[in-house]
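Computed over heavy atoms, backbone and side chain alike; hydrogens, waters and symmetry mates excluded. Just so you know, these numbers come straight off a predicted model, no measurement behind them.
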Amino acid sequence: MDARLTSEQRQLRDAAAKLADDLGLGSVNDLADERRIARLEQTVAGTGWRALRSDGASGVEVAIVAEEFGRRLVDVPFLGPVLADDLWGPAESAPPWTVVAEGRAIDARGARRALLVQGESILSSAVAPAAIGADQTRAEAALIGVPELLGELSTAQAIQWRALALVATCADLVGTARGAHALATDYAKVRAQYGKSIGSYQAVAHLLAEGLALIEGSVSVLRHAAWAVDELSPERAVQAAVIAKLYCARAALTVCETAVQVHGGIGNTWECLAHLYLRRALTSTELFPTSLEEIDRGLS
């Protein structure tokens, strides 16, 4: 595989990064800014990125957007709708639908229905009003009533969809780690102790350097898994995605916890963005969970 992004993919990354920088979270107080959220929702909806797979986009392109949205804690739905789009195409009307993971509708702000994969069957369920949980940037919702059968997938399609779901959550984890690391690095440059910035001390500089190494490793394993979604067999694609999810989840947790530590006492306060990154990393880890045993089964 060629790990380099094409010119079109670089343009997509730059556009997603600009959108996230302009309208993503800049402070904890932005969580309550309904005008910002409305602008963000309108802008994301206008890009058409929630229907990337219907438009013929690859797993790499889905990962590019998910990573940039994780980096700036974009707090309107993307992950759920783009995975629903891959399953059944775009929703016929707004608000978009989402998908079910571990028995709950994820990324459910504004959603009225959620798609559920059971074996090779696609089911649709109504959802309750969404509520914010541990992750302050994304809402979840309970399912209502008995799910209805929408259609069937082939075995290969079901496996490939799981690979894409794992890749999308991996990308969110990588972006979350990047955002937390940037936050900690910027703070280390301006926070002074004993007359010097704390970033000049080896104890802090080494923590940040180790975090950057973890992020680079995560980018590498994510790029391979994202490429594999469309280029390898479904079985090999999901194996690459499982490996990526395990690596990226552990790396993101370390990087986000380090960001809290670098901030010192302020890192444990509500006003510091570091805890929002940590919360998002923890919840993304629990979406479509994997295990080391799953890798062993794939290799046997």
Non-neighbouring partners of Glu61 that pass salt bridge (charged side-chain N to carboxylate O under 4.0 Å, His left out), sequence neighbours left out
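Counting only residues at least two positions away or on another chain, Glu61 forms no salt bridge (charged side-chain N to carboxylate O under 4.0 Å, His left out).
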
Do [X] and [Y] make a side-chain contact, defined as non-hydrogen atoms from C-beta onward lying under 4.5 Å apart?
X	Y	answer
Thr290	Arg162	yes
Tyr187	Val204	no
Val255	Tyr277	no
Glu148	Arg113	yes
Ser27	Glu271	no
Leu79	Phe69	no
Leu153	Leu87	yes
Cys248	Val221	yes

Atom [atom1] of [X] and atom [atom2] of [Y]: how far apart are they, to the nearest 0.5 Å?
X	Y	atom1	atom2	value
Asp30	Asp75	CG	CG	8.0 Å
Glu67	Leu222	CD	CG	6.0 Å
Ser54	Asp86	OG	CG	8.0 Å
Ile144	Arg112	CD1	CZ	12.0 Å
Trp49	Thr43	CH2	OG1	9.5 Å
Gln136	Thr283	CD	OG1	10.0 Å

Flag, side chain of [X] to backbone of [Y], donor-acceptor distance under 3.5 Å:
X	Y	answer
Gln160	Gln157	no
Ser121	Val117	no
Thr98	Ile106	yes

Go through the steps for Thr137 and Val74 under the test side-chain contact (heavy atoms from CB on, under 4.5 Å), then give the verdict.
CA-CA 7 Å; Thr137 64; Val74 168; over 6 Å; no

Indicate, with yes or no, if [Y] and [X] share a hydrophobic cluster defined by side-chain heavy-atom contacts under 4.5 Å among Ile, Leu, Val, Met, Phe, Trp and Tyr.
X	Y	value
Leu287	Leu282	no
Ile37	Ile132	no
Leu5	Ile215	yes
Leu183	Leu207	no
Leu292	Phe288	yes

Does [X] come within less than 4.0 Å of [Y], counting only side-chain N to carboxylate O?
X	Y	value
Arg191	Asp186	no
Glu68	Arg178	yes
Lys18	Asp22	yes
Asp21	Arg72	yes
Arg39	Asp33	no
Arg50	Glu41	yes

Which atom pairs, one a donor and one an acceptor, fall under 3.5 Å between side chains of residues 256-270 and the rest of the protein, sequence neighbours left out?
unit_1	atom_1	unit_2	atom_2	d
Thr258	OG1	Thr254	O	2.8
His263	ND1	Ala259	O	2.7
Thr269	OG1	Ile266	O	2.6

Do you know which two heavy atoms are closest between [X] and [Y], and how far apart they sit?
X	Y	result
Ala158	Glu120	CB-CG, 4.5 Å
Gly211	His181	C-CD2, 4.0 Å
Arg53	Gly59	NH1-N, 3.3 Å
Leu40	Leu23	CD1-CB, 3.7 Å
Leu173	Ala281	CD2-O, 3.4 Å
Ala241	Val167	CB-CG2, 4.1 Å

Should the heavy atoms of other residues, nucleotides or ligands under 6.0 Å from CD of Glu235 be counted, would the total exceed 12?
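Above 12, so yes.
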
Assess the residue pair Thr176 and Arg71 against the criterion (side-chain contact (heavy atoms from CB on, under 4.5 Å)); give the C-alpha distance rounded to whole Å, side-chain angles, the decisive distance to 0.1 Å, and a yes or no.
CA-CA 5 Å; Thr176 301; Arg71 180 181 62 86; over 6 Å; no

Evaluate Arg280 against Ser284 for side-chain contact (heavy atoms from CB on, under 4.5 Å), listing each step before the verdict.
CA-CA 6 Å; Arg280 185 152 173 153; Ser284 290; 4.3 Å; yes

For Arg223, side-chain hydrogen bond (donor to acceptor under 3.5 Å, both in side chains) partners two or more places apart
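Counting only residues at least two positions away or on another chain, Arg223 forms no side-chain hydrogen bond (donor to acceptor under 3.5 Å, both in side chains).
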
Side chain to side chain contact (heavy atoms under 4.5 Å, CB included) partner of Pro147, chosen from Val100, Leu123, Ile122, Leu115
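Checked Val100, Leu123, Ile122, Leu115 against Pro147; only one passes side chain to side chain contact (heavy atoms under 4.5 Å, CB included): Leu123.
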
Pairing donors with acceptors under 3.5 angstrom, does anything connect the side chains of Ser58 and Asp230?
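On atom types as modelled, these side chains do not qualify, holding no pair under 3.5 Å.
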
For the pair Val99 and Trp161, evaluate side-chain contact (heavy atoms from CB on, under 4.5 Å) and give the outcome as yes or no after the intermediate values.
CA-CA 12 Å; Val99 295; Trp161 182 80; 4.1 Å; yes

